Amino acid sequence: MEYFCYHRDRPGSARLRRELIEAHWSYMDRYEKELIARGPTFAAGSDVPTGSVHIVDLPDPAAARAFAFDEPNYQAGAYRDVLLRRWRNTLGRTMWEFPGGREGGDRYLVIGLGAGEPVDLDPPADRDAVIAYGPLLSDDGSAWLGTAALLRAPDAESARAVLTAGRYADIEVHEWEFGGRR
């Protein structure tokens, strides 16, 4: 079962995150084979972190909750909240298999929080710009709760346009970069 996990930073937690970077990476190293995508988000136009996204394949909701809440930054209080949802990998690949590579271009995390009938279940036609894409689902996978995407785009508004305007309760766009050790 695939899960989307977005830890949102607590304001002023950048120093704590820097102190815990090795503990965070070591924790994520334990999930190397299960990770589909990972990386930090940033405040617009800056290098100030605002969160951390992980898409991971785990056996069940309990394992996903343990993954999210045992994470060292969460345990130390660096995060203010966690968005954890079942997810479906509609591209069938990891971020490391993205043909555009790790560098080049602006990259974004786009999260559409669902309202009503499911929309945007299939990835956009221009898959060369899409790093990861899939619906956000309830724990049992039966209810659509939104859509999440990692993509390369010229700007935040272009990234937002990957989701259908007016069909979500909210659409968030965050600057994002490939995570993990280099």
Side-chain angles (χ1 to χ4, degrees), residues 2-11 13-14 17 24 28 35-57 68 73 79-138 143-182:
E2 297 155 337
Y3 292 88
F4 174 88
C5 180
Y6 183 50
H7 291 94
R8 297 173 200 274
D9 281 17
R10 184 175 307 284
S13 66
R17 284 193 61 187
H24 169 77
M28 291 303 154
L35 282 165
I36 296 166
R38 67 186 282 192
T41 59
F42 299 93
S46 79
D47 62 353
V48 175
T50 59
S52 189
V53 64
H54 298 90
I55 303 173
V56 62
D57 190 356
N73 288 319
Y79 299 132
R80 70 175 166 96
D81 62 56
V82 179
L83 174 65
L84 180 62
R85 297 285 184 260
R86 282 273 302 271
W87 190 75
R88 186 175 334 117
N89 186 356
T90 60
L91 296 175
R93 68 179 185 222
T94 70
M95 72 178 201
W96 298 277
E97 297 165 313
F98 171 60
R102 187 178 182 109
E103 303 292 333
D106 294 330
R107 286 135 194 264
Y108 297 90
L109 163 64
V110 181
I111 303 170
L113 301 176
E117 290 297 313
V119 65
D120 300 324
L121 296 176
D122 296 320
D126 180 12
R127 290 184 179 211
D128 290 342
V130 182
I131 299 162
Y133 188 94
L136 300 170
L137 306 166
S138 60
W144 176 81
L145 304 174
T147 304
L150 296 170
L151 60 124
R152 185 174 51 203
D155 54 51
E157 283 309 308
S158 299
R160 178 184 305 277
V162 76
L163 299 182
T164 305
R167 295 294 307 272
Y168 293 88
D170 188 27
I171 297 177
E172 302 174 18
V173 179
H174 306 271
E175 292 183 8
W176 173 81
E177 70 179 33
F178 273 55
R181 299 177 193 276
R182 295 192 180 255

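All values derive from a computational prediction rather than experimental measurement.
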Please examine the side chains of Glu175 and Arg107, heavy atoms only from C-beta on, and report whether any two atoms are closer than 4.5 Å. no
Enter the distance from Leu109:CG to Leu151:CG here, rounded to the nearest 0.5 Å. 9.0 Å
Any side-chain heavy atom of Leu163 sitting closer than 4.5 Å to one from Val110? yes
Do the non-hydrogen side-chain atoms of Trp176 and Thr50 ever get within less than 4.5 Å of each other? no
Output for pair (Asp57 CG, Ile36 CD1), nearest 0.5 Å, gives 5.5 Å
Does a side-chain heavy-atom distance below 4.5 Å link Ile171 with Ile111? no
All heavy atoms of Val162 vs all of Pro124, minimum pair found to be CG2-CG, 3.1 Å
Min side-chain heavy-atom separation Trp87-Val56 under 4.5 Å: no
For the ring pair Tyr3 and His54, is the centre-to-centre distance below 6.0 Å? no
Got Glu177 and Phe42 here, is their nearest side-chain heavy-atom distance under 4.5 Å? yes
Which heavy atom of Leu35 sits nearest a heavy atom of Arg38, and at what distance? CD1-CD, 3.9 Å
Could you tell me whether the side chain of Leu145 reaches within less than 4.5 Å of the side chain of Pro135, counting heavy atoms only? no
Using modelled atom types only, decide if a donor and an acceptor are shared between the side chain of His7 and the backbone of Ala68 within a distance under 3.5 Å. yes
Just checking, is any N or O donor in the side chain of Asp120 or Thr164 under 3.5 Å from an acceptor N or O on the other one? yes
Side chains of Pro99 and Arg93, heavy atoms from C-beta outward: is any pair under 4.5 Å? yes
If you round to the nearest 0.5 Å, how far is CH2 of Trp96 from CZ of Arg102? 8.5 Å
Would you name the heavy atoms of Cys5 and Leu84 that are closest together and state the gap between them? CB-CD1, 3.9 Å
Is it true that Tyr168 and Trp144 have ring centroids separated by less than 6.0 Å? yes
Non-neighbouring partners of Asp155 that pass side-chain hydrogen bond (donor to acceptor under 3.5 Å, both in side chains), sequence neighbours left out: Ser158
What salt bridge (Lys or Arg N to Asp or Glu O under 4.0 Å) pairs are there with at least one residue in residues 2-11, not counting sequence neighbours? Arg8-Asp81, Arg8-Glu172, Asp9-Arg17
Flag yes if more than 12 heavy atoms outside Arg88 fall under 6.0 Å of its CZ atom; otherwise flag no. no
Side chains of Thr147 and Tyr133: any donor to acceptor distance under 3.5 Å? no
All heavy atoms of Pro40 vs all of Gly179, minimum pair found to be CD-CA, 4.0 Å
Looking only at non-hydrogen atoms, find the nearest pair between Ala132 and Ile55 and report the distance. CB-CD1, 4.2 Å
Could you grab the distance from atom CZ of Phe98 to atom CD1 of Ile131, nearest 0.5 Å is fine? 4.5 Å
Taking all non-hydrogen atoms of both residues into account, name the closest pair between Ala159 and Val173 and its distance. CB-CG1, 4.2 Å
